[in-house]
Colleague: 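To start, I am sharing the structure in question, which I have written as structure tokens.
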Amino acid sequence: MTAPRLSSSTVDAPDRPDTVGILHLGPGAFHRAHQAVFTEDAGGDWGICGVTQRSATVADRLRPQDCLFTVVERGRDTTSCRVVGSIRDVLFARDEPERLRDRFTDPAVRIVSLTVTEKGYQPDSTVIGQLVAGLRARRERTGAPVTILSCDNLTGNGRVVRARVLDACGRLPDGDALGAWIEEHVRFPSTMVDRIVPATTEADRAVVRDALGVRDEAAVVAEPFRQWVIEDDFAAGRPAWETVGAQLADDVAPYEAMKLRMLNGTHSLLAYRGALAGHETIADAVADGGIAEEAAALMAHDVPPTLTVPADVDLAAYREQVLQRFANLALRHRTTQVAMDGSQKLPLRLLGTIRDRLAAGAVPVWALRAVAAWMVYVAVGEDRHGRRLPLDDPLADRLRAAVGDTREPADVVTRLLAVREIFDGELREHAVVREVLVDAVAELLSAR
Ligand code: CS2
């Protein structure tokens, strides 16, 4: 017998806010397992309206469920299910522009938050266009203050989105007036977000069916750990997230740099080295002694000297905790999922560490070896067993064209270093960078 669909009539739904106070662009798995949970726990009248961008899939999955969904929390030895009710509405931007504008201009909506991945912050992206159009309509209709809250893995994410929005405004006929209004009535705090959220599988949906007796097409899976560091700079209030585990900070930058370089940089190393070695999951890659050593060395030698460690952080303990989180076999986080969008992720996660170490006169061997693994992943596109590895990247065609079919280490390095969207002149011309990359690429190619 088919289990009934999750909805407010098939489960005991948690208490739900009546009013939508947050408009969220990109209600994907990460948002549902992170901000939506913190917001439910914080309580108050802060319902969320999710706006899907590229497809209606998430909206079509949430709507029949009264926007309820389950978080399957997979710890090393424990699995638990929790139904979350903080999302009260969802819309597909392309098909419902009027509803999007109504939400964006509604004075009750006091926060517009984002999880749109690194590529969503490109100057001419759809998201930046939506923010500018939304702010313009809001100024015209109500002039009510609002906060734009970026929840993506970018250094200075608040500053980046503010600059993109103001730049785009500058190109509008009424740009000066709109820009001035934004300066006065809109805040752009930065945040550091952290929770490992793999793609949901049928096995995860089966766990929900067994535990709750319902079918949940919008279930998400996550590790027990979650962290959120927020710059407390809001234009019109916010949920009391700090009462349920979030941290408020005047300066989020040190936390962002630590997380992006220690956790995400190492995640990318494990993804490319692991995938090439035939490991399906990050935990499998961490269980591979040689790869685990490189991950630990990156976090012990290359990254720490580049960080201003937040006063309340013990970096050695943080490093150990990150490795423990990666080793969680129950999560089944695929190496190829983390390997996605390398052209967007490498500059944020690894190239900053490399530049800073070179500037200090040191050779960031481990960070460079991680870049070399990405180069071989792009160039060969197969693991050591001959299985295809997907190149899911906005620059995929560009990268394939750049590298062609050479397997000559020096050629692979030269051709990929020439991709200017990723590597600047300093790295391209640097003799030590070239030498370490060519050696590492040669080693990886010969290990196949
Ligand atoms: C991962 C991140 O897919 C990836 O690129 O490195 O999604 C990572 O799991 C999160 O940033 C953890 O907070």
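Ligands are counted one by one from 1 in listed order, and the atoms in each one are counted from 1 as well. A quick note: this is a predicted structure, and the numbers were derived from the prediction, not measured.
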Colleague: Locate the shortest heavy-atom distance separating A402 from V419; write the atom from each residue and the value.
Modeller: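 Answer, listing the atom of A402 first, then V419: CB-CG2, 3.9 Å.
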Colleague: For atom 11 (O) of ligand 1, what is the nearest protein heavy atom, given as residue, atom name and distance?
Modeller: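 Of every protein heavy atom, K259 NZ, 2.7 Å lies nearest to atom 11 (O) of ligand 1.
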Colleague: For atom 3 (O) of ligand 1, which of M340, H267, R334, K345 has the closest heavy atom?
Modeller: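 Shortest heavy-atom distance from atom 3 (O) of ligand 1: K345.
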Colleague: Enumerate the residue pairs fulfilling side chain to side chain donor-acceptor pair (under 3.5 Å) with a member in residues 313-322, sequence neighbours excluded, ordered by first and then second residue.
Modeller: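 For residues 313-322, and leaving out neighbouring residues, the side chain to side chain donor-acceptor pair (under 3.5 Å) pairs sorted by first residue read E320-Q324.
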Colleague: With side chains defined as the heavy atoms from C-beta onward, is the minimum distance between I422 and W374 less than 4.5 Å?
Modeller: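 Yes - at least one pair of side-chain heavy atoms lies under 4.5 Å apart.
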Colleague: With sequence neighbours excluded, tell me which residues meet salt bridge (charged side-chain N to carboxylate O under 4.0 Å, His left out) with R94.
Modeller: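 Partners of R94 under the salt bridge (charged side-chain N to carboxylate O under 4.0 Å, His left out) test: none.
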Colleague: Check R74 with D204, please: is the shortest side-chain N to carboxylate O separation under 4.0 Å?
Modeller: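 Yes.
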Colleague: I want to know if ligand 1 touches R325 in the polar sense, i.e. an N/O pair below 3.5 angstrom.
Modeller: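 Not met; the criterion fails.
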Colleague: Applying a 4.0 Å heavy-atom criterion (strictly less than), which segment of R349 is in contact with ligand 1: side chain, backbone, both, or neither?
Modeller: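 The answer is the side chain of R349.
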Colleague: Check each of T335, N264, T266, V338 against atom 8 (C) of ligand 1 and report the one with the nearest heavy atom.
Modeller: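 Checking each option, the heavy atom nearest atom 8 (C) of ligand 1 is found in N264.
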Colleague: State the atoms of ligand 1, each with its element, that fall below the 4.0 Å cut-off from a heavy-atom position in N153.
Modeller: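 The list of qualifying atoms is 11 (O).
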Colleague: With a 4.0 Å cut-off on N to O distance, would you call R398 and D393 a salt bridge?
Modeller: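 Result for this pair is no, no salt bridge flagged.
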Colleague: Is there a nitrogen or oxygen of D194 sitting under 3.5 Å from a nitrogen or oxygen of ligand 1?
Modeller: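 N/O-N/O distance below 3.5 Å exists for this pair.
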